[in-house]
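Beneath this line is the structure, given in structure tokens, with notes to follow.
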Amino acid sequence: MWRRRAIGWLIISFAGLLLLLGRLMQIQLIDTETFSKHNVNLLEESVRQRTQELVIDNGRGNFLDRNGTMLTHKKVSVLVLFPFLKKIEWDAEKVSNISGIPVHVLKQAVEVAEKPFAYGDPEPYELTTTQRDRINRLKIPGVFAIEKKFERSDVPAEQLIGLTGENPKELKKRYPNKELSEKTLLGVSGLEESFDEFLLPEGKSKLVYHVDGGGAPLFGINVKYVDPANPFYPVNIRTTIDKTLQQNAEQLVDQYQIKKGGLVLLDMEDNSILSLVSRPTINKNDPYNDSGMSNMMLKQQIMGSVFKTVVAAAAIDHSLDGANRLFDCSKKINGKPELKYNYGMLNFTDSFARSCNRTFGQLASELQKMNPHLLEDYANKLSLTGSVGWQGDVYHTNDFNQLADEDKGRVFLSDEARKDANLAAMSGIGQNEVRATPLAVANMMATIARGGDKEMVRAVSKIEYKNGTTMIDFPKKSIKGDNISPYTAMKLQRLLREVVMNPNGTGRWFKDLPYTVAGKSGTAETGKYKLGQQLHNKWFAGYFPYDHPKYVLVAVNLDVSDSEGGVNLLFADMVKMLYQKDHGMK
């Protein structure tokens, strides 16, 4: 009996040893880089326990403005100090004399440090190139002057560019065949998400040294510089944003207290985004707990009278705009007397300039009787209801979309609404279910100014390798589908100019601006109320100079009371700022 028990225990012990050996093999030989459900890289963790490091560049690609200036990060020459300095004698006085940092401050900073650090981080103490070179010539172990990449606290066009974050589960799901550290940053919104695959790091650039259990140097005091040494990566995403214009636009939006809304500024030459401002801003501490993450310029909004531009285009093509035809603008859209906006009898041109609801409700009903799809057809011809951001095949990616967050617009939600004359009339003034993004409205204005040709809007012009050569170009592209005719575009141009030039036009405030403006206003009822007052979306969308269009600008203030403004002043100041820039004025 005892022999059987002994043999049994031997078998159990042997099996346990085999299991333990298998587990050790799994840890040390098989799953060393993806251990456990968390995909822990045991090699990295082992090295991390024996080393201290300072990351100089996390290796993720960068975003540049159209002139090559970094948008999300900045490179700063900084003083780097390693904590082992507290265990050796070092010439802090020489470093102090060069840098201007008092000796006792330097020594105190080292004394409390547990890891290598850039002096002054998170707001680093910036050195000049001369100071950097002089400090490095001292060749003091543990003292370095380097150029380090820091994230900006005030990223321009933050909703357009987007955010990054760590998410090991999403990382594995998104890139199942790539060997990436679980701490790899992922793009979670905006261009960071759209271009994420191109931005993934090849590796970090860092300063590293080995330590013992007490943090003392293990193999002398030599610090190694580790770098992927790839001349092509990380890549740079060259956006079409002009950083200076963007910062000035953001200041103006905040100056006029636009709490929800913003602006879009397009460059007519290449139909690209020069500036895009969305408010509210992102709460970096809790980004998903409010509406700051939403790019309001890419989200569909109630557009009000701006949509009358679409109705006007259809009316022109179907000969409903006769010069002698008059519309009774003493009445509301439902036929009741108009007390507040009683304009009397107006022709088509004056109706557009003064934004008479009665005229465009009536025209929309007439168009609906001809064809229930006409309003949608013309909204599509003016690039108002489809996606307008750049799309196309890029490398192995079909239908790559620069602006993945972009909403599509709409005119009707159902066939019943499409066939209802009353709902068609409401749609004709941009109410009911009519929606469009401010970006699409800007592209509609660009389409008209261009003579009817629809083009995709670019936020990125190209992807560049690290050495500056081009990896991918994003050329100008047309939007497929029917266009309005050059004749119709010309008549719309005149109507949009009349909005500004007419003494009673809704854009008369812009008549004396240094650039000649053409455009359309809009005040949309939202159906939301605050303190008993209905809230509105207030718009002005236009282009300038009128004779030789260079810019398209859309300014919008969302969910505001009737007494709140800011849109006209914002639009006017942007025009003035652009004129001054173009003419070398301050």
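Since the model is a prediction, treat every value here as computed from it, not as a measurement. FYI, the numbering just counts along the sequence from 1.
A salt bridge between Lys476 and Asp270 is absent, with no side-chain N of the basic residue lying under 4.0 Å from a carboxylate O of the acidic one. Ion pair Arg66/Asp242 not flagged as a salt bridge, since none of the NZ, NE, NH1 or NH2 atoms sits closer than 4.0 Å to an Asp/Glu carboxylate oxygen. Salt bridge Arg60/Glu192: present, at least one basic N to carboxylate O contact under 4.0 Å. Using a 4.0 Å cut-off between a side-chain N of Lys or Arg and a carboxylate O of Asp or Glu, Glu269 and Lys550 do not qualify as a salt bridge. Between Asp65 and Arg238, none of the side-chain N atoms (NZ, or NE/NH1/NH2) sits under 4.0 Å from a carboxylate O, so this pair counts as no salt bridge. Under a 4.0 Å N-O distance rule, the pair Glu455/Arg450 qualifies as a salt bridge. Between Asp473 and Lys462 no salt bridge is recorded (no basic side-chain N to carboxylate O distance below 4.0 Å).
Looking at Thr239, its side chain does come within 3.5 Å of a backbone N or O of Leu64 through a donor-acceptor pair. Using a distance-only test at 3.5 Å, with no hydrogens or angles considered, a donor-acceptor pair links the side chain of Gln493 to the main chain of Ile448. The main-chain N or O of Gln247 is never found under 3.5 Å from a side-chain atom of Glu250 such that the two would form a donor-acceptor pair. With hydrogens and angles disregarded, no donor-acceptor distance shorter than 3.5 Å links the side chain of Asn67 to the backbone of Thr69. In this structure, Trp539 contributes its side chain and Ile302 its backbone to a donor-acceptor pair below 3.5 Å. Asp393 contributes a side-chain N or O that, together with a main-chain N or O of Asp399, makes up a donor-acceptor pair within less than 3.5 Å. Tyr125 places a side-chain N or O within 3.5 Å of a backbone atom of Ser99 that can act as its donor or acceptor partner. Panel note: side chain Glu498, backbone Phe352; no donor-acceptor pair is recorded below 3.5 Å. Listed for the Gln246 side chain is a donor-acceptor partner under 3.5 Å among the backbone atoms of Leu276. Put simply, the side chain of Glu158 gets close to the backbone of Ile282: a donor and an acceptor are under 3.5 Å apart.
A cation-pi contact links Lys381 to Tyr378, judged by a cut-off of 6.0 Å to the six-membered ring centre and 45° from its axis. At least one cation-pi condition fails for Lys491 and Tyr487: the charged atom is not both under 6.0 angstrom from the six-membered ring centre and inside a 45 degree cone around its axis.
A distance below 6.0 Å separates the ring centres of Phe571 and Phe510.
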Open item on the list: Between Tyr543 and Tyr515, does the ring pair (Phe, Tyr, Trp, His ring centres under 6.0 Å) criterion hold? Intermediate values first, please.
Closed with: CA-CA 10 Å; Tyr543 65 90; Tyr515 271 141; over 10 Å; no
- [ ] List the steps, then state whether side-chain contact (heavy atoms from CB on, under 4.5 Å) holds for Leu495 with Phe348.
- [x] CA-CA 9 Å; Leu495 287 174; Phe348 178 75; 3.6 Å; yes
TODO: In sequence, state the C-alpha distance, the side-chain angles, and the governing distance for Leu382 and Asn443, and then conclude on side-chain contact (heavy atoms from CB on, under 4.5 Å).
DONE: CA-CA 8 Å; Leu382 287 165; Asn443 207 42; over 6 Å; no
Task: Evaluation steps, side-chain contact (heavy atoms from CB on, under 4.5 Å), between Thr523 and Asn537 - done: CA-CA 6 Å; Thr523 302; Asn537 292 344; over 6 Å; no
Task: Derivation of the side-chain contact (heavy atoms from CB on, under 4.5 Å) call for Asp57 and Lys204 - done: CA-CA 6 Å; Asp57 189 327; Lys204 299 176 180 178; over 6 Å; no
Task: Test log, rule salt bridge (charged side-chain N to carboxylate O under 4.0 Å, His left out), inputs Asp254 and Arg279 - done: CA-CA 9 Å; Asp254 293 336; Arg279 293 291 183 265; 2.8 Å; yes
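Checked against Asp559 for a side-chain hydrogen bond (donor to acceptor under 3.5 Å, both in side chains), the options Lys538, Lys260, Lys259, Gln301 give a single hit: Lys260.
Using a 30° and 60° split on the angle between ring planes, Tyr551 and Phe544 fall in the tilted class, from 30° to 60°.
No hydrogens or angles considered: a donor-acceptor pair under 3.5 Å links the side chains of Ser355 and Ser305. Using modelled atom types and a 3.5 Å distance limit, the side chains of Asn62 and Asn236 yield a donor-acceptor pair.
In Lys408, the NZ atom is not crowded: 12 or fewer heavy atoms of neighbouring residues, nucleotides or ligands sit closer than 6.0 Å.
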